[in-house]
Amino acid sequence: VPEHPTSGDVAPDFSLIDTDGKPVDLGEYLGRGYLVLAFGSASSAHFRETAPELEVLAKDWERMGVRVLIVYTREAHPATLRGASPKSYKERTALARQTRRNLKVDLRFLVDGWDDAVHKAYGSMPDGAFLLDPKGVIVIRQVQSRVSTLDRELRRALKVSDPPAP
C-alpha cells in the first residue's frame, strides 16, 4: 500500500462504525456515484470551517448520486480542545457525535479506530479529502479539503455546468 494514495490509485478499503453505532464499509458506497471522503477532528479549525461547506456540497450533488462521508480521526490539535482529549475509542466517538451536533451538519461521521488505521492508510493528513469515482478510484487527493475544488472536479467528472436544482 502506498504511503500516500494519490490520483489513479484504488482507494484503500475500510470498515468503520458511524456515530450512531452502525458499521459502514467503503464498498457500500461504491458503484453508486462519486464519493467525497473527508478527514477531520474537533480540534482542527480548518475542519470546523469546512464541514458546513461539505454539507452544502453533499446537498447540491446528492441528486447525481454524490455522497460525502467524514472520517473522524485522532485530534489534530488536542491542546486546543475545551475538555480533555479523548483517552479511548468510546470518548473519541462521543466527541465525534458532539462535534457533528455543534457544527449542525447531517453528514455521516465515521469514527476511525483507536489505531488510526484508516487515517494512516489514506496518508495521515489531518484535513485531507479524496474524491473517489464510482469504482473507488481516487480522482483527486487534497492535503487540505477545498470544497470549491471538489465542486469544480464534480462538474468536470459529471459533465455538467451546475448541480441539478432541487
Side-chain angles (χ1 to χ4, degrees), residues 1 5 9-44 46-76 78 81-142 145 147 150-151 154 158 163 166:
V1 180
D9 293 344
V10 173
D13 196 13
F14 62 79
S15 295
L16 291 174
I17 308 290
D18 72 11
T19 49
D20 295 325
K22 296 185 179 76
V24 179
D25 295 325
L26 175 62
E28 292 172 38
Y29 287 85
L30 302 182
R32 296 177 176 199
Y34 282 79
L35 175 67
V36 174
L37 204 53
F39 293 80
S41 65
S43 60
S44 163
H46 180 81
F47 175 70
R48 292 192 312 270
E49 288 163 17
T50 308
E53 297 173 17
L54 285 164
E55 173 141 49
V56 170
L57 182 87
K59 285 189 163 72
D60 283 352
W61 288 100
E62 69 185 345
R63 296 170 74 89
M64 291 195 79
V66 176
R67 297 292 175 262
V68 177
L69 287 176
I70 303 299
V71 177
Y72 194 92
T73 65
R74 69 184 154 79
E75 294 305 316
L81 288 173
R82 284 203 188 93
S85 188
K87 303 281 187 280
S88 67
Y89 180 77
K90 187 176 176 184
E91 289 181 9
R92 179 184 286 177
T93 301
L95 185 55
R97 198 176 298 120
Q98 185 62 49
T99 301
R100 186 173 175 264
R101 267 200 306 271
N102 292 350
L103 294 172
K104 296 177 173 62
V105 294
D106 288 326
L107 297 170
R108 195 169 192 187
F109 275 47
L110 314 183
V111 185
D112 201 1
W114 197 244
D115 60 358
D116 299 307
V118 174
H119 196 207
K120 288 173 183 164
Y122 280 81
S124 297
M125 301 167 295
D127 299 306
F130 294 81
L131 176 62
L132 311 185
D133 76 8
K135 293 190 172 102
V137 175
I138 298 169
V139 179
I140 56 171
R141 165 187 174 261
Q142 298 180 321
S145 54
V147 175
L150 291 166
D151 184 74
L154 284 166
L158 295 166

Output for pair (Glu91 CD, Trp114 CH2), nearest 0.5 Å, gives 7.0 Å
Taken to the nearest 0.5 Å, the spacing of Ser145 OG from Phe47 CZ works out to 8.0 Å
| said: side-chain contact (heavy atoms from CB on, under 4.5 Å) for Glu75 and Leu95? Distances and angles first, verdict last. | reply: CA-CA 10 Å; Glu75 294 305 316; Leu95 185 55; 3.2 Å; yes
Minimal heavy-atom distance between Ser41 and Ala76, with the atoms involved, is OG-N, 3.1 Å
Using modelled atom types only, decide if a donor and an acceptor are shared between the side chain of Lys87 and the backbone of Ser85 within a distance under 3.5 Å. yes
* To do: Without swapping roles, check the side chain of Arg100 against the backbone of Leu107 for a donor-acceptor pair under 3.5 Å.
  => yes
The residue among Leu37, Leu154, Ile138, Leu35 that forms side chain to side chain contact (heavy atoms under 4.5 Å, CB included) with Leu131 is Leu154
Separation between CG (Asp115) and NZ (Lys120), nearest 0.5 Å, reads 6.0 Å
To the nearest 0.5 Å, atom CG of Leu69 lies from atom CD of Glu28 at 9.0 Å
Looking only at heavy atoms, the pair that brings Ala96 and Tyr72 closest together is CB-CG, 3.5 Å
Taken in chain and number order and not counting sequence neighbours, the residues that satisfy salt bridge (charged side-chain N to carboxylate O under 4.0 Å, His left out) with Arg92 are Asp116
Could you pull out every donor-acceptor pair under 3.5 Å between side chains of residues 16-27 and any protein atom, sequence neighbours left out?
{"from": "Asp18", "atom 1": "OD1", "to": "Asp20", "atom 2": "N", "distance (Å)": "2.8"}
{"from": "Asp18", "atom 1": "OD1", "to": "Gly21", "atom 2": "N", "distance (Å)": "3.0"}
{"from": "Asp18", "atom 1": "OD1", "to": "Lys22", "atom 2": "N", "distance (Å)": "2.8"}
{"from": "Asp18", "atom 1": "OD2", "to": "Arg108", "atom 2": "NE", "distance (Å)": "2.9"}
{"from": "Asp18", "atom 1": "OD2", "to": "Arg108", "atom 2": "NH2", "distance (Å)": "3.0"}
{"from": "Asp25", "atom 1": "OD1", "to": "Ser15", "atom 2": "OG", "distance (Å)": "2.3"}

Report task. Return yes if some donor-acceptor pair links the side-chain N/O of Asp127 with the main-chain N/O of His46 below 3.5 Å, else return no. Result -> no
>> The test is side-chain contact (heavy atoms from CB on, under 4.5 Å); show your working for Leu150 and Trp61 and say whether it passes.
In response: CA-CA 11 Å; Leu150 291 166; Trp61 288 100; over 6 Å; no
Output for pair (Leu30 CG, Asp13 CG), nearest 0.5 Å, gives 7.5 Å
- Message: Is it the case that atom CZ in Arg74 sees more than 12 heavy atoms from other parts of the structure closer than 6.0 Å?
- Response: no
Are side-chain heavy atoms of Val105 and Ile70 found at a separation under 4.5 Å? no
In short, Phe130 meets Pro5 closest at the heavy-atom pair CE2-O, 3.7 Å
Query raised in the report: Would you say Leu103 and Arg48 make side-chain contact, with heavy atoms under 4.5 Å?
Result: yes
Would you call the rings of Tyr122 and Phe14 parallel, tilted or perpendicular if under 30° counts as parallel and over 60° as perpendicular? perpendicular
Do Leu110 and Val118 have side chains that get closer than 4.5 Å, going by heavy atoms? no
Minimal heavy-atom distance between Glu55 and Asp106, with the atoms involved, is OE2-N, 2.8 Å
Correct closest heavy-atom pair for Leu54 and Val68 would be O-CG2, 4.0 Å
Correct closest heavy-atom pair for Arg67 and Glu62 would be NH1-O, 3.4 Å
